[in-house]
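I have placed the structure first, in the form of structure tokens, so that the comments after it can refer back to it.
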Amino acid sequence: MGVIIKGGTAVTAEQSFKADVYCEDGRIAQVGLDLDTPTGAEVVDAGGQFVMPGGIDPHTHMQLPFMGTVASEDFYTGTAAGLAGGTTCIIDFVIPAPQTSLLSAFHQWREWAQKSVSDYAFHVAVTWWDDSVHQDMGTLVQEHGVNSFKHFMAYKGAIMADDEVLVNSFTRAWELGALPTVHAENGELVWQLQRKLMESGITGPEGHPQSRPPEVEGEAANRAIRIAQALKTPVYLVHVSAKESLGEVIRARNEGQRVFGEVLAGHLLVDDSVYLNTDFDTAAAHVMSPPFRPKGHQEALWRGLQSGNLQTTATDHCCFCADQKAMGKDDFTKIPNGTGGVENRMEVLWHAGVNTGKLTMNEFVRVTSTNAAQIFNMYPRKGSISVGADADLVIWDPEASKTISAKTHHQNVDYNIFEGMTVRGTASHTISQGKVVFKDGELFVERGAGRYIERPPFAPYFDAIAKVRDQNPPVFVER
Ligand code: URQ
Ligand code: ZN
Ligand code: ZN
């Protein structure tokens, strides 16, 4: 039987309008007033609250094996926590170890994600290069609905992609109609700065931001953008955290280059003073890369979001508990990098963005849902309130207030980077696949209900012109 959400104001990326929403068989079936719906439908009274497309977090790492341990949040607890905050879809990352098969890693992550309670998709990381990687990228696009490939320019000695990998992979992504994405930090600089700091006796978490200053991100952002420009492919920068990398995005976009930028809720609200905390656990809990930045960068990132130079918001939800962070007790380079936020992204952005007038409600929907759906080719199935779209919705109570705490959050981690923050505006109900899965603070989730969302390549056009290009290879004039 269907569900009808009555008495709300629909808020989309485009407009706000009074409407009821009738959902049936997991999809939106009718939108409007005085709907003629079957009797017996479950009625959800929106009571004048806002009805928005469910949030999409395009950057999470559930149960990621990383730096000698495994992230404490798995696909079951992590997607449930997302629903508790209004996020109904995540895009997570398959990260193959170098010299291992992308396809095998994809199947492993698919298995891990089976327990999800809401929908998910995967970016696949290219961490090395040979003909098998070229081949696997094609199979992943053409047979498994992957249309985005990640490149870590950081993490030397582990998953770092050097220029050879970047150029080969960006070229292949272009041929396939897939979008290259990058974690832009110069891994060699980080590696050298880490060693210098350790040798100088700076071994605590305060060394982490010193080993990856903003210019380390700015250099890599510029390099990734220039490589994309030379290869005529779009590029998406994940977690743009600093003025320096934001500046590269703005420069390129102003010159007409197709560059997208993502910003984390954490980088918009948290600054680097957290690393000066003398309590190791507190400082280490904030060790993530890129690090939280000095005051001033946050304001620049808000301007990036307001101006449309940054299009999506995410969390990079990658959780490690205190006992895991303690692996770096005497050596900050060994503190597993990552922080949480999948449950709080939308409420902190509403409170700090909409309540302050930085963002309209429609812009809020655009940067928490619709843009990610469009950039990663899931729209209008996701990120819209339209007939035929998945019935993934959040009913937003702009007057409800709560104080965020690890003591009460649903995330499986013992720390919350927004600890103690009181927000006004939270999800009162979350609807996933047409079912009420969160209501009045209670989760009603079903393990395994989440589906893998296939994302088609951006255009067979790319394939077509790749063929034309191969038949008429560019003639390089000998200089
Ligand atoms: O770098 C990433 O995005 C992953 C490994 C999560 N960790 C982090 O510190 N951001
Ligand atoms: Zn990253
Ligand atoms: Zn990440």
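Quantities reported herein were computed from a predicted structural model and do not represent experimental measurements. Note that ligands are numbered from 1 as they come in the structure, with each ligand's atoms numbered from 1 the same way.
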Residues which pass ring pair (Phe, Tyr, Trp, His ring centres under 6.0 Å) with [X], listed by chain and number, not counting sequence neighbours:
X	value
H183	F152, Y155, H239
Y236	F376
F149	none

Are side-chain heavy atoms of [X] and [Y] found at a separation under 4.5 Å?
X	Y	value
C321	S72	yes
V423	I404	yes
D163	R223	yes

Starting from [atom], find the nearest protein heavy-atom neighbour and note its residue, name and distance.
atom	answer
atom 7 (N) of ligand 1	N337 O, 3.1 Å
atom 2 (C) of ligand 1	Y155 OH, 3.6 Å
atom 4 (C) of ligand 1	H61 NE2, 3.4 Å

Which heavy atom of S289 sits nearest to which heavy atom of H208, and what is that distance?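 Here S289 and H208 meet closest at OG-CE1, 3.2 Å.
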
Can you check ring-ring contact (aromatic ring centres under 6.0 Å, His included) on H429 and F438, steps first, answer last? CA-CA 5 Å; H429 302 66; F438 179 72; 8.4 Å; no

Please compare T60, L264, D316 and report which has the shortest non-hydrogen distance to atom 3 (O) of ligand 1. D316

Ligand-residue contact atoms, ligand 1 with [X], heavy atoms, under 4.0 Å:
X	result
C318	6 (C)
H183	1 (O), 2 (C), 3 (O)
M288	9 (O), 10 (N)

Could you go step by step and tell me if F93 and F66 meet the ring-ring contact (aromatic ring centres under 6.0 Å, His included) rule? CA-CA 12 Å; F93 291 83; F66 190 55; over 10 Å; no

A correct count of protein N/O/S atoms found below 2.8 Å of the Zn ion (ligand 3) gives 3

Heavy atom of F93, distance to ligand 1 below 4.0 Å: no

Audit row: E217, R212, salt bridge (Lys or Arg N to Asp or Glu O under 4.0 Å) steps and yes/no: CA-CA 7 Å; E217 183 178 331; R212 359 180 45 112; over 6 Å; no

With respect to S289, determine whether any N or O atom, backbone or side chain, lies less than 3.5 Å from an N or O atom of ligand 1.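 For ligand 1, there is an N or O atom that lies under 3.5 Å from one belonging to S289.
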
